Chemist: 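Quick one: structure below, then a few questions.
Just so it is clear: chains get the letters A, B, ... in the order the sequence lines come, proteins before strands, and each one is counted from 1. Bear in mind that the values here come from a model prediction, so they are computed numbers and not experimental data.
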Number of protein chains: 2
Amino acid sequence: MSTPPAAIDADLGWALGAVYRSYLKAVEAVVSDLPGGPRGYQVLTSAVHDGAGNQADLAVQLGIDRTVLTYLIDDLEECGLVERQADPRDRRRRRIAATHNGTTVWTQRCAALEHVERHLLGSLGADADTFRLLLRHLAAHTDEFDPSTSEAVEHLERLDETPNSRARRRKPDPLSP
Amino acid sequence: MSTPPAAIDADLGWALGAVYRSYLKAVEAVVSDLPGGPRGYQVLTSAVHDGAGNQADLAVQLGIDRTVLTYLIDDLEECGLVERQADPRDRRRRRIAATHNGTTVWTQRCAALEHVERHLLGSLGADADTFRLLLRHLAAHTDEFDPSTSEAVEHLERLDETPNSRARRRKPDPLSP
DNA sequence: TATTGTTATACTCTATAACTATA
DNA sequence: TATAGTTATAGAGTATAACAATA
């Protein structure tokens with residue numbers, strides 16, 4: 001067999017996953033003692049900057065379920081990094097605010113993360129800033145992408161409806177092309 | 001409070017996560033009927049291109065445990081997409097090869113994914129190719145990054161050893177800056 | 001009635017340990 | 001003895017459903 005048309009290196013999803021895993025591994029040393037690890041740090045970031053009005057919005061922003069966020073904030077609050085403040089205008093809502101200690105901890109970790117990220121993007125050389133810029137732009141515009149309106153699905157030939165079974169010991173139907 | 005120094009949008013980890021989640025959501029419609037979803041597709045990609053010599057290498061490449069890969073290949077094999085072939089030179093090793101059907105399915109999905117990815121990166125305009133290039137470069141060089149040798153950890157002020165407790169109902173020690 | 005957040009519970013996904021077979 | 005792969009099991013992570021408080 002000659003050179004394959006597109007090896008796994010060409011797969012955008014694989015590359016995204018590989019870089020993301022690499023990032024998580026690199027960052028672990030800096031934030032592993034925070035409850036929730038990298039995600040706990042992101043909650044702290046949002047709290048320091050008053051990023052989200054309430055928990056529901058914050059959960060969407062972080063891509064997690066609101067019930068998961070409850071436990072996460074519980075731990076951060078018990079560590080004295082953030083605190084829940086009732087919104088006087090809507091007493092159902094809770095504003096997540098960083099404590100003084102939380103702000104100090106965040107500032108330190110943020111500086112350390114800058115070093116890690118610089119190292120992580122080091123192989124890009126002068127293009128590291130370009131990558132940051134493009135990635136930030138993408139992240140800011142993800143909500144504009146609606147898969148349901150994509151023509152990619154229509155492009156895909158119709159397949160027999162074989163629902164994806166993740167159950168381990170179930171014999172799946174063979175996929176026909 | 002004036003403009004915060006660095007909101008969550010500036011966080012590289014958040015941006016990576018947001019884009020990665022967006023990718024997974026976008027791709028789901030194309031690969032959801034494959035066992036393992038996007039990851040099953042990646043195994044199929046590797047199988048089509050003879051990407052990994054054995055399962056252990058493939059597991060490392062995909063960032064998953066080898067025991068997880070076993071179940072994943074089980075399902076793909078039962079669907080008739082890949083098959084395990086014993087390596088004649090080391091009969092412990094199994095080569096994961098795509099079946100004829102698997103190659104056909106992969107070719108179709110790969111074409112559909114191209115559309116999804118183009119749509120996903122659409123907001124970057126002409127810079128989409130640049131982003132792909134930089135991301136691929138990063139993914140190819142992730143192994144060069146060793147967090148243990150990073151100066152970022154030394155940059156971080158020494159903290160009391162407060163191991164990260166993910167247990168839900170345990171009172172964690174308060175973090176001192 | 002709808003929404004925010006919480007809690008209990010069930011489910012999914014992943015990792016650990018022990019095993020077989022090959023080297 | 002060490003390694004590749006498998007299996008059973010335990011564990012971590014996540015989501016579903018029911019609830020209380022507020023709108």
Chemist: Specify the residues of residues 58-68 of chain A, ordered by number, for which at least one heavy atom lies under 4.0 angstrom from an atom of DNA chain C.
Modeler: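 Going residue by residue through residues 58-68 of chain A, the ones with a heavy atom under 4.0 Å of DNA chain C turn out to be A/R66, A/T67.
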
Chemist: Under 4.0 Å between a Lys/Arg side-chain N and an Asp/Glu carboxylate O for A/R136 and B/D11?
Modeler: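 Result for this pair is no, no salt bridge flagged.
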
Chemist: How many whole angstroms separate atom CG of B/L24 from atom P of D/dT14?
Modeler: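 That distance rounds to 13 Å.
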
Chemist: So among B/T45, B/D33, B/T104, which one has a side chain to side chain donor-acceptor pair (under 3.5 Å) with B/R109?
Modeler: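 Testing B/R109 for a side chain to side chain donor-acceptor pair (under 3.5 Å) against B/T45, B/D33, B/T104 leaves exactly one candidate, B/D33.
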
Chemist: Run the salt-bridge test on B/R95 and B/D50 with the 4.0 Å N-O cut-off and return the result as yes or no.
Modeler: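 Result for this pair is yes, salt bridge flagged.
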
Chemist: Where does the angle between the aromatic ring planes of A/Y20 and B/Y20 fall among parallel (under 30°), tilted (30 to 60°) and perpendicular (over 60°)?
Modeler: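 Tilted, since the angle between the ring planes falls between 30° and 60°.
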
Chemist: What integer distance in Å separates B/R93:CZ from D/dT6:C1'?
Modeler: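 That distance rounds to 17 Å.
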
Chemist: Which pairs of donor and acceptor atoms, one on a side chain in residues 54-61 of chain A, lie under 3.5 Å apart (sequence neighbours left out)?
Modeler:
{"unit_1": "A/N54", "atom_1": "OD1", "unit_2": "A/D57", "atom_2": "N", "d": "3.1"}
{"unit_1": "A/Q55", "atom_1": "OE1", "unit_2": "A/R84", "atom_2": "NH1", "d": "3.4"}

Chemist: Taking N or O atoms only and anything under 3.5 Å, show me the protein contacts with nucleotides 21-23 of chain C, one pair per line.
Modeler:
{"unit_1": "C/dT22", "atom_1": "O2", "unit_2": "B/R92", "atom_2": "NH1", "d": "3.4"}
{"unit_1": "C/dA23", "atom_1": "OP1", "unit_2": "B/R91", "atom_2": "N", "d": "3.1"}

Chemist: What is the distance, to the nearest angstrom, from the CG atom on A/L72 to the P atom on D/dG13?
Modeler: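 One finds 11 Å between P of D/dG13 and CG of A/L72, rounded.
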
Chemist: Using atom CD1 of A/I73 as one end and atom P of C/dT7 as the other, report the distance to the nearest whole Å.
Modeler: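 Distance check: A/I73 CD1 to C/dT7 P gives 12 Å.
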
Chemist: Between B/D57 (CG) and D/dA4 (C1'), how many Å, whole number?
Modeler: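 That distance rounds to 10 Å.
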
Chemist: How sharply is the helix from C/dT1-D/dA23 to C/dA23-D/dT1 bent, taking the axes over five pairs at either end and rounding to 10 degrees?
Modeler: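 The end-segment axes of the helix from C/dT1-D/dA23 to C/dA23-D/dT1 are tilted 0° relative to each other.
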
Chemist: Expressed as a whole number of angstroms, how long is the span from A/Y71:OH to D/dA15:P?
Modeler: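 Result: 12 Å.
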
Chemist: Assign the ring pair A/W106 / A/H49 to parallel, tilted or perpendicular, where the plane angle (0 to 90°) is split at 30° and 60°.
Modeler: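 Taking A/H49 first and then A/W106, their aromatic rings stand perpendicular (interplane angle over 60°).
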
Chemist: Is the phosphate of D/dG5 approached by B/T70 (side-chain N or O, under 4.0 Å from OP1 or OP2)?
Modeler: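 Checking B/T70 against D/dG5: no side-chain N or O falls below 4.0 Å of OP1 or OP2.
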
Chemist: Check the distance between D/dA4's C1' and B/Q55's CD and give it to me in whole angstrom.
Modeler: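 After rounding, the reported distance stands at 8 Å.
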
Chemist: Hey, does the side chain of B/R39 come within less than 4.0 Å of C/dT14's phosphate (OP1/OP2), counting only N and O?
Modeler: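 Checking C/dT14 against B/R39, a side-chain N or O does come within under 4.0 Å of OP1 or OP2.
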
Chemist: What residue pairs, at least two apart or across chains, pass ring pair (Phe, Tyr, Trp, His ring centres under 6.0 Å) with a residue in residues 73-101 of chain A?
Modeler: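 The answer is none; no pair qualifies.
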
Chemist: With sequence neighbours left out, write down each residue that passes side-chain hydrogen bond (donor to acceptor under 3.5 Å, both in side chains) with A/T67, or none if nothing qualifies.
Modeler: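 A/T67 satisfies side-chain hydrogen bond (donor to acceptor under 3.5 Å, both in side chains) with A/D65 once adjacent residues are dropped.
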
Chemist: Measure from CD on B/E77 to C1' on D/dT6 and round the result to the nearest Å.
Modeler: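 Rounded to whole Å, this separation is 13 Å.
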
